[in-house]
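This report refers to the structure that appears directly beneath it.
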Amino acid sequence: MISFNGSPKFDKDTTIIFITEEQLKSGAINELKWPSLTDEVRGLTGAKQFFAKKGEVFPLSCEKQIILLSGLGKESEVTNTSLRVAVREALVSNYCKTVSSIELLTLQHQQDDQSVIALIEGVLIGAYVWDKYKTKEADRIAKKDYFLVAPDKKIYRDAMSVCEGVNFTRDLVNDNADLVTSAFIEKTVKDLCQGQKNISFEILGSDELKSKGLNLIMAVNKGSDKEPRLIIVRYDGSTKKGYDLAVVGKGITFDAGGLNLKPTGHIETMRTDMAGTAAVTGVLKNCLALKPKKNILFVMAIAENAIGSCSYKPGDVYQGYSGATVEIANTDAEGRLILADALAYVNTNYKPKVIIDIATLTGACVIALGNDYTGLLSNNQELSKTLVEIAGKTDDRAWPLPLYTELRGRLDSTVADLKNISSQKGGGAIVGAYFLQQFIDQTPWAHLDIAGTAFSERSRMYFGPGATGAGVRLITEFIVTA
Ligand code: BES
Ligand code: MN
Ligand code: ZN
């Protein structure tokens with residue numbers, strides 16, 4: 001929890017002061033009017049112990065509490081990302097391990113809304129740890145109370161709830177594949193919506209999926225002993241007719257690859273292949289908190305891509321909901337299959353004004369963009385531009401990749417209307433997106449490939465090891481502002 005204080009109190013276990021090199025040199029710390037601190041800092045700079053370089057954290061013992069100085073580097077180097085990183089680094093340092101209350105403050109430094117939000121996210125996203133399965137008390141991080149020296153504003157409280165949505169998503173992604181099944185996700189979503197007005201559901205299980213012809217979702221799930229699901233949560237925040245947006249998430253609860261089995265080195269993290277669906281759940285949670293006046297569909301396409309004699313087979317052809325037949329050239333390109341049915345179903349039956357899908361779709365996207373930018377592919381320039389802007393503002397980063405008609409030949413099949421992978425090498429992320437595009441019409445649509453951004457075994461930027469909640473802040477902000 002974060003509370004806001006208009007001025008520093010210096011009465012918590014620890015106070016963290018974020019300071020630039022310029023502020024350290026100019027003695028800006030005197031502004032705080034905390035006499036013992038001023039002396040300590042004077043001694044410290046005199047002794048050339050602390051220079052406020054980026055990443056430098058220095059503890060001062062001062063009137064029964066620890067004051068941590070956290071260097072931000074040169075004024076010109078400070079960004080909203082580096083602020084988030086500095087907050088995380090200070091909070092995960094040994095000095096904060098056992099304390100239970102922490103005050104955080106900057107020195108008149110960029111007290112604009114975006115930098116205060118950066119501090120909030122540095123705390124709530126940066127200090128997140130996945131320790132559910134750590135049994136030793138010493139290995140678990142105790143809950144702390146945070147006090148931020150900033151005015152109490154609605155946008156800050158909203159930013160805090162968005163972080164809860166992000167961390168909700170991370171918990172779902174991090175947990176076991178055998179726990180987070182389609183039934184578990186369905187229960188989680190229903191619990192989330194319990195007692196909420198403006199919410200209704202359409203949930204398709206095996207029987208409905210089969211009878212309505214969503215055979216691609218059915219096919220992917222064939223090797224699994226669990227049921228597939230298409231969960232549609234209708235959020236009616238406006239009295240206007242029709243849906244402003246559909247957010248569709250890939251929810252492969254485990255991607256073994258199917259008969260095109262994934263090898264060692266690739267299979268170990270595949271419980272995270274439902275990160276798209278988890279992100280949709282996080283955005284739903286955020287919408288329940290922020291109550292935007294829009295009508296939105298939250299769609300989760302859920303299946304397990306398992307291996308067994310019942311698994312769908314390479315070379316077989318299936319006809320999906322759109323009517324198009326698909327040759328299964330590779331059972332490991334399963335995400336696009338379940339999304340094809342989900343996109344076609346939602347587009348046909350609800351005709352939303354805009355569609356955004358989010359998926360851990362391709363390893364190729366990780367090759368193209370690495371782990372810090374989500375791949376963004378769209379049939380609409382304006383939508384793409386808006387999302388890139390919001391990605392920059394929220395620091396939930398995304399970068400565009402091109403979609404173009406010449407890709408069509410890559411999906412030609414000799415036996416079906418199209419096949420699910422290209423036999424030619426290269427451009428895997430855009431081929432995957434191009435496949436999806438075949439299942440929507442002219443509706444403005446954007447595809448977010450979070451294969452590289454949703455999860456990382458080591459910490460990066462201001463994320464600890466594990467799931468990051470990629471796309472949650474981006475889509476939430478899109479809903480709230482665009
Ligand atoms: N879930 C994977 C993509 C993925 C890879 C996500 C790495 C996260 C990290 C997806 O279903 C997949 O297996 N894609 C294949 C596609 C190929 C068979 C065309 C891939 O990327 O190798
Ligand atoms: Mn796969
Ligand atoms: Zn997958």
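Whatever order the structure lists ligands and atoms in, that order sets their numbers, starting from 1. Quick caveat, the model's predicted, so the values are computed rather than measured.
By the definition of a contact as any protein heavy atom under 4.0 Å away, atom 11 (O) of ligand 1 is in contact.
Here Ile421 has side-chain heavy atoms under 4.0 Å from ligand 1, and that is the only part of it that gets that close. Contact annotation for Met270 and ligand 1: only side-chain heavy atoms (C-beta onward) come within less than 4.0 Å of the ligand. Heavy atoms of Leu361 found under 4.0 angstrom from ligand 1 belong exclusively to the backbone. The proximity of Lys250 to ligand 1, defined as any non-hydrogen pair under 4.0 Å, is limited to the side chain.
Put simply, the side chain of Val299 does not reach to within 4.5 Å of the side chain of Ile231, judged on heavy atoms. At a threshold of 4.5 Å between non-hydrogen side-chain atoms, the residues Arg473 and Ile125 count as touching. Residues Leu361 and Leu436 are in side-chain contact: their nearest non-hydrogen atoms beyond the backbone lie under 4.5 Å apart. A 4.5 Å side-chain heavy-atom check between Arg408 and Tyr434 finds at least one atom pair inside the cut-off. Side-chain contact between Tyr312 and Leu259 is absent, with no heavy-atom pair separated by less than 4.5 Å.
Checking Asp441 against Thr443 by side-chain atom types alone, a donor-acceptor pair falls below 3.5 Å.
A tilted orientation is assigned to the rings of Phe435 and Phe439, their planes being inclined by 30° to 60°.
Between Asn330 and ligand 1, no N or O atom pair is found at a separation short of 3.5 Å.
For atom 6 (C) of ligand 1, the choice among Ala429, Ala451, Gly258 with the nearest heavy atom turns out to be Ala451.
Of all atoms in ligand 1, numbered sequentially from 1 with element shown, those under 4.0 Å from a heavy atom of Glu334 are 11 (O). Short contacts between ligand 1 and Lys262, defined as distances under 4.0 Å to a heavy atom of the residue, involve ligand atoms 12 (C), 13 (O).
Within the 4.0 Å heavy-atom cutoff, Val366 does not count among the residues contacting ligand 1.
The Zn ion (ligand 3) has an N, O or S atom of Asp255 closer than 2.8 Å.
The Mn ion (ligand 2) forms the vertex of an angle spanning OE1 of Glu334 and OD2 of Asp255; to the nearest 10 degrees it equals 100°.
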List the steps and the verdict of side-chain contact (heavy atoms from CB on, under 4.5 Å) for Met274 and Leu172. CA-CA 9 Å; Met274 35 58 79; Leu172 276 175; 4.1 Å; yes
